[in-house]
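Structure record follows, encoded as structure tokens.
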Amino acid sequence: MHRKLRLRKREDFNVVYRYGRSFANSQFVVYWRKRSQRGTFRMGVSASSKLGGAVVRNRLRRMVKEIVRLNASKLLEDMDLILIVRKPALSLPYKEMEGSILHVLRKAGLLKGSNQGAKGKITTLPRGNRPNNQNGKQGK
RNA sequence: AAAGUUUGACAGACAAUCGCUGGUGGCUUCGCGCCACGAGAGGAAAGUCCGGGCUCCACAGGGCAGGAUGCUGGAUAACGUCCAGUCAGCGCGAGCUGAAGGAUCAGGGCCACAGAAAUGGACCGCCGAUGGCUGCUUAGGCAGAUCAGGCAAGGAUGGAACCGUGGUGUAAGAGACCACGAGGAGCACUGGUGACUUUGCUCCUGGUAAACCCCAUUUGGAGCAAGACCGAGGAGGACGCAGGCGCAAGCCAGCCCUAGCCCGGGGUGCGUUCGGGUUGGUCGCUUGAGCCGUAUAGCAAUGUACGGCCUAGAAAGAUGAUUGUCGCUUCAGUUCGUGGGAGGAUCGCUUCGGCUAUCCGUUAUGACCACUUGAAGUACAGAACCCGGCUUACGGCAAGCUUUCCGG
RNA sequence: UGGGGAUUAGCCAAGCGGUAAGGCAACGGACUUUGACUCCGUCAUCCAAGGUUCGAAUCCUUGAUCCCCAG
């Protein structure tokens, strides 16, 4: 992915984690927040050390970035988003992983043409009052 | 053929499309934009167990303490690494393993339980020659008990019992003495640069130093988030104490730093407390104890000479994804085809040599094997300043050697 | 990436070469009409493997897991 499309600073990550909204299925979690300045979307990928060694985590990050790159035209602009990889995503082949990522992004309302989720409001909802539960039941 | 052992090289290949990070060149609306060319993970990149380079700590200094290493000779920038040997142990063998100095030239310490005793001692036991006691006495002695005392052979304990076996000797005994043997030390001698070794003489005999310790060698500390530069930013305040000499500059003391202590050195008003700012960029950064080839010295590790080559450099962290074709392994299926083909497939037991059972085939209407077809799988693992090792994880391949069996 | 530290019963833990204290929990028993309290008993491959030693939780080597620190 191009460097402009990546989320790069530690502060950006902290802001998205603290003030952004989150959605999930059993393979991925997404946090997003509308950017304060106009521009393209920016994305970061997080793969924790519980998933495996450096080889496994690098491969997952590369696959996620490749999928988002190929589907970049479908994504809304002016967004910062973080994709977190969960353990069941380890064994997915490419096609299923693409479907799962598109599913979770559509659920979060980040795809063009979808009207679910918050429509551009910079929201800081209290934790107990989120619109979708995120127990990961839908991914199976 | 099977089992084993050592060494070596490799780490799936190719193509198309779409991407990522540096480099070079060009274009440019000068914006980390566009185009072209070329480059882009490992044998362990890992663990961080050692060693070195490099940087800072004023100089990187001295002594002590502390740490590390520990057969010999060599290699190396250095090492706890490597090579060649010595000795000891394991293995039928090829080979493998060894923190392998010192316990008589230091010194003490420890050896639980058991046992008399764990290097200073006698429970049972043996003796009672000598001195004493009792009895008898022909007055020379004789006998008895074991009071003093002598001994450590035998028993029992233990991981280990004073070097072992046999004899001489004695009252009983003992390396007290002798023969043979085990181990160690010293001296001389043979061979070797040396560890060591051959032979002889003399002396000695519990273990433990990965317990303290002694001896020899060696060792300053921290680590690229080291460090250097540029830019941005900010804020200092309160309380307490401020010794001696000198006109003064200053010196001494005090305090801080120099990883522990002393010396030496450097800095400085000191201590306590409440606060403030910085999370940007460039360099360090990949030409190096570098790689490849040839020759040469050496048993080898390795060195020397000549020629050629430039081979990753990220920073929420590049080196990838998809598709197709092929390679390798395993399983299944097919007799349609091609090739080989007289014995073979499967189960069980095994001392791994074989044995037994069932089924198919036996000169072919041909069992079975290979190719052809399909499915699944295709190891361990990702540079983060750089090198030399060690250790751990892991896939198949090749070659040498050893043992056993079969055939000629 | 670099530098430190820890691992003993289900939990908290003592131990510094001589055969693993203690507390909570769990289980069994006693006491009680029953329960609580109390008393007695049971429960350990000392993270793993190898070595030194007569003997290792302890000493040494190698690995595994977890935690902490940094400009």
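Side-chain contact between A:Asn71 and A:Leu111: absent, with no pair of heavy atoms (C-beta onward) separated by less than 4.5 Å. Between A:Ser46 and A:Tyr17, some side-chain heavy-atom pair lies under the 4.5 Å cut-off. By the 4.5 Å heavy-atom criterion applied to side chains, A:Phe28 and A:Val85 are counted as neighbours. Taking 4.5 Å as the limit, every side-chain heavy atom of A:Arg42 sits out of range of all side-chain heavy atoms of A:Leu5.
One atom, CD of A:Glu66, and another, P of B:C20, lie 10 Å apart when rounded to the nearest Å. For A:Arg59 and B:G382, the CZ to C1' distance is 14 Å, given to the nearest whole Å. A:Met63 places its CE atom 17 Å from the C1' atom of B:C20, with the value rounded to the nearest Å. Here B:A41 presents its P atom at 15 Å from CG of A:Asn58, a figure rounded to the nearest Å. Rounding to whole angstrom units, CD1 of residue A:Ile67 and P of B:C20 are separated by 17 Å. Atom P of nucleotide B:A316 and atom CG of A:Leu5 are separated by 16 Å, given to the nearest angstrom. When rounded to the nearest whole Å, the span between CG of A:Leu60 and C1' of B:A316 equals 16 Å. For A:Leu70 and B:U323, the CG to C1' distance is 13 Å, given to the nearest whole Å.
The phosphate of B:G317 has OP1 or OP2 within less than 4.0 Å of a side-chain N or O from A:Lys65. Considering only side-chain N and O atoms, A:Arg62 lies under 4.0 angstrom from the phosphate OP1 or OP2 of B:U319. One finds a side-chain N or O of A:Arg6 lying less than 4.0 angstrom from the OP1 or OP2 phosphate oxygen of B:G317.
Nucleotides B:G40 and B:U319 are separated by 15 Å at their P atoms, to the nearest Å. Rounded to the nearest Å, the gap between the C1' atom of B:A188 and that of B:A211 is 40 Å. For the P atom pair drawn from C:A26 and C:A57, the interatomic distance equals 31 Å after rounding to whole Å. The C1' atoms of B:C255 and B:A228 are separated by 32 Å, rounded to the nearest whole Å. Comparing B:C394 with B:C347, their C1' atoms are spaced 35 Å from each other, to the whole Å.
Closest to the side chain of A:Tyr94, from the set B:G320, B:G317, B:U322, is B:U322. When distances run from any side-chain atom of A:Ala54 to the nucleotides B:G382, B:A316, B:C18, the shortest one goes to B:G382. With B:G320, B:A381, B:A318 as the choices, the nucleotide that has an atom nearest any side-chain atom of A:Arg61 turns out to be B:A318.
Shown here, C:A36 forms no base pair; nothing in the strands shown gives a Watson-Crick or G-U wobble contact with both key distances under 3.5 Å. Across every strand in view, B:G317 sits unpaired, with no contact that passes the Watson-Crick or G-U test at under 3.5 angstrom. Across every strand in view, C:U42 sits in a pair with C:A26 that passes the Watson-Crick or G-U test at under 3.5 angstrom. Of all nucleotides present, only B:G348 satisfies the Watson-Crick or G-U wobble test against B:C355, with each distance under 3.5 Å.
With its glycosidic angle more than 90° from 0, B:A75 is assigned anti. Nucleotide B:C261 is shown with an anti base, its glycosidic torsion being more than 90° from 0.
Judged as a side chain to side chain contact (heavy atoms under 4.5 Å, CB included), and not counting sequence neighbours, the contacts of A:Asn58 are A:Arg61, A:Arg62. Scanning for ring-ring contact (aromatic ring centres under 6.0 Å, His included) contacts around A:Tyr94 gives an empty result, with sequence neighbours left out.
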